[in-house]
Number of protein chains: 2
Amino acid sequence: MSLSDLFGGDPVVSGQQVRIEPTQQRSTARLSGLLDAAAVVVDEVGFDRITTAMVAERAGASIGTVYRYYPDRVAVLQALRERAVLRFRQRVVDQLRSSGPETWWDAVDCAVTAFVDLYRTEPGFRIVHFADRERTPISGSEELESGYFARQLAGVLAEEFGLHGGPDLIFRLEVTVEMADSILSRAFHSDPNGDDRFIAECRRVMRDYLAGYYGPIAATV
Amino acid sequence: MSLSDLFGGDPVVSGQQVRIEPTQQRSTARLSGLLDAAAVVVDEVGFDRITTAMVAERAGASIGTVYRYYPDRVAVLQALRERAVLRFRQRVVDQLRSSGPETWWDAVDCAVTAFVDLYRTEPGFRIVHFADRERTPISGSEELESGYFARQLAGVLAEEFGLHGGPDLIFRLEVTVEMADSILSRAFHSDPNGDDRFIAECRRVMRDYLAGYYGPIAATV
DNA sequence: CTTCTATGATCGAGTTCCGCTCGGTGAGCA
DNA sequence: TGCTCACCGAGCGGAACTCGATCATAGAAG
């Protein structure tokens with residue numbers, strides 16, 4: 001169970017998202033163009049002020065094109081969020097590869113860094129993420145739940161750094177993810193660049209919480 | 001600076017929420033009736049399926065009455081959230097009064113209990129809370145920010161239990177509030193009665209985090 | 001204790017705007 | 001040269017929201 005398998009794995013395309021899988025090349029460009037537009041618009045006018053017409057106009061497409069690919073307004077936002085999550089996972093993998101973590105904390109820290117980076121650079125990431133909570137439990141793909149990421153991360157930490165795996169580790173990581181999520185969101189709430197005080201405290205909280213169960217960092221591996 | 005001053009203080013009526021302050025008696029009943037209806041409807045159909053017509057019908061009012069009091073659809077939800085926050089604060093005061101906390105942790109624990117109680121009993125509390133993150137920074141009343149509650153709580157803890165006050169305490173309490181908020185929301189995410197495992201872990205996280213700064217509980221006062 | 005009346009409160013048909021559809025047109029592939 | 005994929009945008013239904021007509025109430029006047 002390698003790192004890249006866990007994080008970079010198959011893209012989160014759960015055919016329910018896109019109405020029609022594009023076959024020609026230009027249409028895939030359209031698809032990402034629509035999402036780019038949605039990301040920008042959502043940053044400008046907010047999550048529930050966004051209209052499909054705005055997205056279409058910003059993307060240089062017609063309203064019909066939007067609905068060719070997405071069944072409804074929310075689906076566009078969901079797709080935007082899926083892409084952001086995908087990019088987040090990819091970013092984590094890149095960070096892990098380039099930095100070569102030596103302890104379990106290094107790995108967790110990479111995830112924080114990746115998250116902060118995306119908040120800073122990825123248009124629409126902030127608002128889409130905020131809306132995350134509202135999703136109905138019926139929503140199809142489970143890969144977007146915080147629990148999914150927690151499970152993946154648990155696999156890595158158990159495999160690579162010898163942490164004792166199992167449901168307890170998963171549970172604690174899920175708690176950790178929720179905490180980090182909220183504190184980091186708070187960091188970006190008023191400061192578009194992220195309030196370093198909250199970011200630092202987030203790292204501290206995560207480290208202390210996990211170290212309380214799995215011992216000081218140096219002791220592992 | 002007494003407890004009731006801090007928490008139970010002036011109601012969160014910041015004239016921007018309501019278009020016209022009601023003067024007659026029946027209209028105040030209408031207002032709360034509208035919010036009651038909105039709370040029920042929001043529990044039934046969800047946050048973004050709710051329509052102003054549904055709220056009006058459920059409240060036995062006409063559509064025009066809704067717009068007499070609230071400028072738009074979102075304002076109704078915001079008002080619902082304001083009332084829920086107000087009731088939360090009131091509940092905390094009640095709990096504190098009846099239980100007579102002896103340590104700072106007892107006081108914090110009261111807040112958790114009140115929050116959980118509201119999640120369980122207050123219609124609409126869950127969904128309204130989910131939407132909480134989305135609020136625009138321009139939004140008027142600051143009394144609803146998590147920071148406000150953190151400041152109030154900091155006053156109580158410093159005054160009553162001798163914790164060293166100031167910006168550091170406020171900051172840590174704000175972090176605490178964010179953490180608790182997210183973990184408790186997670187507890188109710190799939191379990192309408194609240195997953196006790198997450199609730200217990202929430203308490204543990206809060207206690208450990210604050211105790212790390214302000215010493216073990218028994219040592220205070 | 002009654003009118004009487006000014007004003008608050010309510011109503012709901014109508015307007016506007018937005019999500020979404022669908023038949024017709026253009027662009028790329030065989 | 002067809003044939004299918006991609007695109008367009010006028011139009012439909014419904015939801016958000018307005019506004020002038022109508023009713024209810026508080027409080028003054030008698």
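This is a predicted model, so every value here is computed, not measured.
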Anything under 30° is parallel, anything over 60° is perpendicular, the rest tilted; go ahead and classify A/Y119 against A/F125.
perpendicular

From the set C/dC20, D/dC7, D/dA16, return the single nucleotide nearest to any side-chain atom of A/R73.
C/dC20

Within this structure, what is the CZ-to-P distance between B/R30 and D/dA24, rounded to whole angstrom?
12 Å

On DNA chain D, does the nearest nucleotide to A/R49 precede the nearest nucleotide to A/G60 from the 5' side, or the other way round? Give the residue.
A/G60

Check every atom of D/dT18, D/dC8, C/dC20 against the side chain of A/A61 and return the nucleotide holding the closest atom.
D/dC8

Judged by atom type as modelled, is there a donor-acceptor pair below 3.5 Å linking the side chain of A/R207 to the main-chain atoms of A/V108?
no

Heavy atoms under 4.0 Å, any strand shown: does B/R68 hit a base, just sugar-phosphate, or nothing?
base

Of A/T52 and A/G64, whose nearest nucleotide on DNA chain C comes first from the 5' end?
A/T52

Would a 4.5 Å heavy-atom cut-off, applied to side chains only, mark A/L34 and A/V76 as touching?
no

Check every atom of D/dA16, C/dG12, C/dC20 against the side chain of B/I63 and return the nucleotide holding the closest atom.
C/dG12

Residue A/Y67, side-chain atoms from C-beta onward, closest of C/dA9, C/dT21, D/dC17:
C/dT21

If we ignore angles and hydrogens, is there a donor and acceptor under 3.5 Å between the side chains of A/S62 and A/R68?
no

